[in-house]
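Remarks on the structure that follows.
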Amino acid sequence: MKFLNEEVAKQLEEIFKGMKDDVTVALFTKEDDCETCEDTNDFISELLSVSSKLHLENHDIDKDSDKANEFGVLMAPSIVLLDKDKNYKRIKFNGVPSGHEINSFISSVMEVSGNSERLSDKIQARIEKINKPVNIKVFVTLACPHCAGAVQKAHKLALENTNIQADMIEAQTFFDMSEEYNVSSVPKIVINDEFEFVGNQPLEVFLDEIEKTQVA
């Protein structure tokens, strides 16, 4: 099955020409009880083939458990991005980043490559003050046009501050987890399993909720 038509492949090729440094995509799958693992592998392989600066590492979440633990990977399929020095950048895609989520995947790849968007001084100052661990879960569906923006914001925050980790979670792939977090509409953002909100909100809203976790 081919995921990208010729027109989309050419568009991606042009976009990825803007990458500054190489990026490694580490994909974690498993042999059993994973309906979307094979499709995710095929999609990512096809996506990465358009640029020589993109590299794929395949891992089995069970057989390569040490590597999975190193990156905090608990589900399959999951994707983590590594920079040119193979450093883990604290962002994950849990589930295939196709549909509208291809936009958040492309954005994150560009950021990890070193082609990052400058934030305002005010926002940057707030991000720099975050000094306690923060985990951001963004529940999405692939048909949701607003979800990619929320994932981009969460991942941007994680890339700007080493105390922050951010996960995209495809709600239908990980249905049990969606039920656990009472996901009834997307994007749903959960911070430190304590604070939550819905919608592709401005970065200021993300920071308002994150700052609640920093109170002693």
Side-chain angles (χ1 to χ4, degrees), residues 23-28 59 61 64-95 97 101 104-105 107-109 111-112 114 116-140 147-171 174 176-183 186-216:
V23 173
T24 297
V25 178
L27 170 62
F28 288 82
H59 298 285
I61 194 172
D64 302 325
S65 58
D66 289 346
K67 185 66 70 173
N69 290 335
E70 178 185 348
F71 298 147
V73 173
L74 302 174
M75 300 175 279
S78 287
I79 297 162
V80 301
L81 300 182
L82 312 177
D83 67 14
K84 63 177 181 177
D85 299 316
K86 296 294 187 73
N87 294 315
Y88 168 48
K89 304 306 291 184
R90 305 173 308 284
I91 61 177
K92 286 197 289 293
F93 294 86
N94 299 290
E101 285 309 320
S104 61
F105 183 80
S107 174
S108 294
V109 165
E111 290 269 352
V112 171
S116 60
E117 182 180 344
R118 172 70 184 172
L119 298 171
S120 70
D121 291 343
K122 184 176 181 180
I123 291 291
Q124 196 67 47
R126 290 179 69 181
I127 294 172
E128 290 173 1
K129 289 180 180 178
I130 298 166
N131 57 16
K132 295 179 181 179
V134 174
N135 173 263
I136 308 173
K137 296 179 179 69
V138 184
F139 289 88
V140 308
C147 290
V151 174
Q152 289 170 18
K153 292 183 178 76
H155 282 183
K156 177 66 172 175
L157 290 167
L159 291 168
E160 292 291 331
N161 187 310
T162 57
N163 291 304
I164 302 174
Q165 296 188 11
D167 288 18
M168 180 209 88
I169 302 169
E170 206 289 302
F174 302 104
D176 289 347
M177 192 173 187
S178 299
E179 282 200 321
E180 178 185 350
Y181 285 89
N182 299 311
V183 177
V186 290
K188 180 170 183 176
I189 295 87
V190 181
I191 297 174
N192 281 11
D193 293 344
E194 183 177 6
F195 303 102
E196 60 185 51
F197 58 95
V198 174
N200 180 20
Q201 303 292 342
L203 265 176
E204 288 85 352
V205 175
F206 280 76
L207 288 167
D208 288 344
E209 298 303 310
I210 287 171
E211 285 164 355
K212 294 176 183 178
T213 72
Q214 303 297 293
V215 179

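For this chain, numbers begin at 1 and follow the sequence in order.
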Tell me, with the steps shown, if K153 and V138 meet side-chain contact (heavy atoms from CB on, under 4.5 Å). CA-CA 10 Å; K153 292 183 178 76; V138 184; over 6 Å; no
At what distance, to the nearest 0.5 angstrom, does NE2 of H59 lie from OG of S65? 12.0 Å
Give the minimum heavy-atom separation between I130 and N161, together with the two atoms involved. O-ND2, 3.0 Å
Would you check if the side chain of E196 reaches a backbone N or O of I189 as a donor-acceptor pair within less than 3.5 Å? no
Set out, in order, the CA-CA distance, both residues' side-chain angles and the distance that settles side-chain contact (heavy atoms from CB on, under 4.5 Å) for N163 and V134, then state yes or no. CA-CA 6 Å; N163 291 304; V134 174; 5.7 Å; no
Smallest separation among heavy atoms of L82 and Y88, with atom names: CD2-CA, 3.6 Å
Flag side-chain contact, heavy atom, 4.5 Å: P187 against Q201: no
I need the minimum non-hydrogen distance between A150 and N200, along with the two atoms involved. N-OD1, 3.2 Å
Using every non-hydrogen atom in the two residues, find where V73 and K92 come nearest and quote the distance to one decimal. CG2-CD, 4.0 Å
Determine yes or no for a side-chain-to-main-chain donor-acceptor pair under 3.5 angstrom, with K156 supplying the side chain and S107 the backbone. no
Does any non-hydrogen side-chain atom of M168 lie less than 4.5 Å from one of I79? no
Taken in chain and number order and not counting sequence neighbours, the residues that satisfy side-chain hydrogen bond (donor to acceptor under 3.5 Å, both in side chains) with K84 are none
Output for pair (R90 CZ, E160 CD), nearest 0.5 Å, gives 9.5 Å
Check whether any side-chain heavy atom of L203 lies under 4.5 Å from a side-chain heavy atom of R126, and answer yes or no. no
Spacing of F71 atom CZ and Q165 atom CD [to the nearest 0.5 Å]: 12.0 Å
Taking C-beta and beyond as the side chain, do M75 and M177 meet within less than 4.5 Å on heavy atoms? yes
Short side-chain to backbone donor-acceptor contact, K188 and N182, under 3.5 Å: yes
Rounded to the nearest 0.5 Å, the CG atom of L159 sits from the CD atom of E111 at a distance of 6.0 Å
Nearest heavy-atom pair of S78 and N94: which atoms, and what distance? OG-OD1, 2.6 Å
side-chain hydrogen bond (donor to acceptor under 3.5 Å, both in side chains) between K137 and N135, worked out: CA-CA 7 Å; K137 296 179 179 69; N135 173 263; 2.9 Å; yes
To the closest 0.5 Å, what do you measure between CG (L157) and CD1 (I136)? 5.0 Å
Looking only at non-hydrogen atoms, find the nearest pair between P97 and F93 and report the distance. CB-CD2, 4.0 Å
If you define the side chain from C-beta out and look only at heavy atoms, does anything of D193 sit under 4.5 Å from Y181? yes
Distance, nearest 0.5 Å, that separates CG of D167 from CZ of F139: 9.0 Å
How about K132 and T213: do any of their side-chain heavy atoms sit closer than 4.5 Å? no
Checking V25 against F105 for the side-chain contact (heavy atoms from CB on, under 4.5 Å) test, could you report, in this order, the C-alpha distance in whole Å, the side-chain angles of both residues, the deciding distance, and whether it holds? CA-CA 10 Å; V25 178; F105 183 80; 4.1 Å; yes
Taking side-chain contact (heavy atoms from CB on, under 4.5 Å) as the test, write out the residues that go with L74, two or more places apart. none
